[in-house]
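Protein chains get the first letters and strands the later ones, always in sequence-line order, with residue 1 at the start of each. This structure is a prediction, so every number in the text was calculated from the model and none was measured.
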Number of protein chains: 2
Amino acid sequence: MNSDELCQVYRCLCDVTRLRILNLLGEDALCVCHLQQVLGESQVKISKHLAYLKNHRLVESERRANWMIYRISGAPNPILEENLKCLQDLSSEDPVFMADLKRLRATDTSAACCPTSA
Amino acid sequence: MNSDELCQVYRCLCDVTRLRILNLLGEDALCVCHLQQVLGESQVKISKHLAYLKNHRLVESERRANWMIYRISGAPNPILEENLKCLQDLSSEDPVFMADLKRLRATDTSAACCPTSA
DNA sequence: CAATTATATTCCCTTGAAGGAATATTCCTT
DNA sequence: AAGGAATATTCCTTCAAGGGAATATAATTG
């Protein structure tokens, strides 16, 4: 990791929608439609932000039939990991992150698109 | 700290010049002219980035005669602190940060503009 | 193969921010 | 008060990126 790559990581983190996505993916791998549901944002918006995160190697994806499952990248990244921890801490205080997690837990993850249902 | 403020912090961190500035200020408070010297960047550029950091409360400044001394903000900010630590770790590997620190140490800090000479 | 579902991409518009040149401001010295 | 040094601001141009509407692609189902 060099200074430019470090900047790239922060660029990924400096959008609230991406932070919300990462916060959710910190809990579990998720398909696009679930992210869309939980975040209440448009399909394009979610899809573009996921592409952005993927291009910068913060998340990775795997196709499962019709669905794309996204998860936090497995490649070790100390900066990302440290900041995901911070995110987790904040998510017990911040109303936006809290509400997202609440909706996530209320979401039926037994559907065909869910990673654990494979 | 809420999700928007968190984004703001990351926005501050996603420019390499600002990271270089923060890396230097992590060592010691510095005046603009020293930052300019060490970073080898234009006066406008440094000044604008400092203004940006100050507007977002990551640094604070104090006038000393002709000079403005900038330092990392004293207000507690866990996210900033955590990432300054990361920056410090990286600065022993990354060529840009390393070179900056080396030039900083080679800089005469006994001049009138330096905080410790007060 | 046609229709449907899930997701990605393209086109377009708008905005924030980076950087340089020129200028303004602030403070010091004489 | 005038000049000089340090720093800040304004004006301008360029560019990345956010978001929506429409369209394209990929896989599934009938």
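Atom CG of A:Asn55 is separated from atom CD of A:Gln8 by 10.5 Å, given to the nearest 0.5 angstrom. The CZ atom of A:Arg71 lies 6.5 Å from the CD atom of A:Glu60; values are rounded to the nearest 0.5 Å. Here B:Asp100 contributes atom CG and B:Ile21 contributes atom CD1; the two are 10.0 Å apart, rounded to the nearest 0.5 Å.
Distance, A:Trp67 CH2 to C:dA8 P: 14 Å, rounded to whole Å. Atoms CD1 (B:Ile21) and P (C:dA18) sit 11 Å apart, rounded to a whole Å. Rounded to an integer number of Å, the gap from A:Arg63 CZ to D:dA27 P is 5 Å. Per the geometry, CD belonging to A:Gln36 stands 14 Å off P belonging to C:dT5, to the nearest Å. We find that NE2 of A:His56 is positioned 12 Å from P of D:dA16, with the value rounded to whole Å. One interatomic measurement links the two molecules: CZ of B:Arg18 to C1' of C:dA18, which rounds to 9 Å at whole-angstrom precision. Taking atom CG on B:Leu35 and atom C1' on D:dT7, their separation rounds to 12 Å, with Å as the unit. Nucleotide D:dA6 holds its P atom 12 Å from the CD1 atom of B:Ile69, rounded to whole Å.
Put simply, the side chain of A:Gln43 and the base of C:dA8 share a donor and an acceptor less than 3.5 Å apart. In the interface, the side chain of A:Lys45 is not paired with the base of D:dG18 through any donor and acceptor atom under 3.5 Å apart. Residue-to-nucleotide contacts include a donor-acceptor pair under 3.5 Å from the side chain of A:Asn66 to the base of C:dT5. Put simply, the side chain of A:Lys48 and the base of D:dG19 share a donor and an acceptor less than 3.5 Å apart.
In this structure, the nucleotide among C:dA6, C:dT26, C:dA17 sitting nearest to the side chain of B:Arg11 is C:dA17. The side chain of A:Tyr52 lies closest to D:dA17 when the candidates are D:dA8, C:dA8, D:dA17. For A:Ser47, the side-chain atoms get nearest to C:dA8 when compared with the rest of C:dA8, D:dA8, D:dA6.
Between the side chain of B:Asn83 and the backbone N or O of B:Ile79 there is at least one donor-acceptor pair closer than 3.5 Å.
OP1 or OP2 of D:dA8 sits under 4.0 Å from a side-chain N or O of B:Tyr70. Close to C:dG19, at under 4.0 Å from its OP1 or OP2, lies a side-chain N or O of B:His49.
In a base pair of the Watson-Crick type (N1 to N3 plus N6-O4 or O6-N4) or a G-U wobble (N1-O2 and O6-N3), with each distance short of 3.5 Å, C:dT30 is matched with D:dA1.
The pair B:Glu82-A:Lys85 does not count as a salt bridge, with every side-chain nitrogen at least 4.0 angstrom from each carboxylate oxygen.
Of the residues near DNA chain C, B:Gln8 and A:Val44, the one whose nearest nucleotide (by heavy atom distance) lies more toward the 5' end is A:Val44.
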